[in-house]
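All figures in this text were calculated on a predicted structure; none of them were measured in a lab.
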Amino acid sequence: MTLTFRLDPEIDPALRDGVLALWADVSNAGGAVGFVPPVTVEDIRPEWLKRLAQLSEGDIRLLVGYDEDGAVAATTFLAYNTHRLMKHWIWLYVVMVHPKHQGKGYGRDLMAAAADAARGMDGIDAIRLTCRGGTGVDRFYASCGYKEVGRVPGAIRVAPGDDRDDITMLLPLG
């Protein structure tokens, strides 16, 4: 089975509920997507509402991977830069694959779909993302062609006494 990816899908209740459930499930499985477990859909909803506002303003785009049943299985947000000297690259935020689908290559598929989407955006030469150190996800991104270009030691405080590096990675699209 493969995922079907859609850039800028229609935001309807099924998509909203699917993204919220995915975000909660990924967070509760230990995924570094902006929350520390345990979380509920209601904990995540305010962040989703912020993303909806950004979507409506055209500041970000949503990429969704659907499984064979049409359920949300993977997502990420592609965010434009607003600084006039940095409009040639975008940010990738909240990269998620549902825990039940991990280990099937869907993360690599999501990253390839995000790169394809970025290549289709006028004037975009690269993708940047940040990730939480200590999770091993930086090795995954490196296997997808991203290079570490910066690291701030201890910038992310997961819990008292548990500080992690904030790692910046870059994928040139040329």
Would you say [X]'s side chain and [Y]'s backbone share a donor-acceptor pair under 3.5 angstrom?
X	Y	answer
D109	L3	no
W48	W23	no
D165	R151	no
D12	A14	yes
R108	S143	yes
D67	D69	yes

Under 4.5 Å between any side-chain heavy atoms of [X] and [Y], yes or no?
X	Y	answer
V158	R132	yes
Y141	L171	no
D125	L173	no
V97	L22	no
L62	L15	yes
V33	V95	no
F35	E47	yes

Quick check on the hydrophobic clustering: are [X] and [Y] connected, directly or via other members, by side-chain heavy-atom contacts under 4.5 Å?
X	Y	answer
V64	I11	yes
L92	M86	no
L78	Y146	yes
L63	L129	yes
L52	V72	yes

Donor-acceptor side-chain pairing of R164 and T135 below 3.5 angstrom = no
Tell me yes or no: between the side chains of H98 and D25, is some donor less than 3.5 Å from an acceptor?
-> yes
Mind checking whether W91 and Y93 have parallel, tilted or perpendicular rings, split at 30° and 60°?
-> parallel
Gap separating the [atom1] atom of [X] from the [atom2] atom of [Y], nearest 0.5 angstrom:
X	Y	atom1	atom2	answer
M111	F140	CE	CZ	6.0 Å
L49	L55	CG	CG	11.5 Å
I127	M169	CD1	CE	12.5 Å
Y80	W89	OH	CH2	14.0 Å
D138	T130	CG	OG1	11.5 Å
L110	T76	CG	OG1	6.0 Å

Are there more than 12 heavy atoms of other residues, nucleotides or ligands under 6.0 Å from atom CZ of R45?
-> yes
More than 12 heavy atoms of other groups within 6.0 Å of K104 NZ = yes
How far apart are the closest heavy atoms of V26 and P99, and which atoms are they?
-> CG2-CD, 3.9 Å
Shortest non-hydrogen contact from L170 toward A126 = CD1-CB, 3.7 Å
Decide side-chain contact (heavy atoms from CB on, under 4.5 Å) for E148 and T168; before the verdict, give the C-alpha distance in whole Å, the side-chain angles of both, and the deciding distance to 0.1 Å.
-> CA-CA 6 Å; E148 182 176 326; T168 302; over 6 Å; no
Think R61 forms a cation-pi with F77, using NZ or CZ under 6.0 Å from the six-ring centre and within 45 degrees of its axis?
-> no
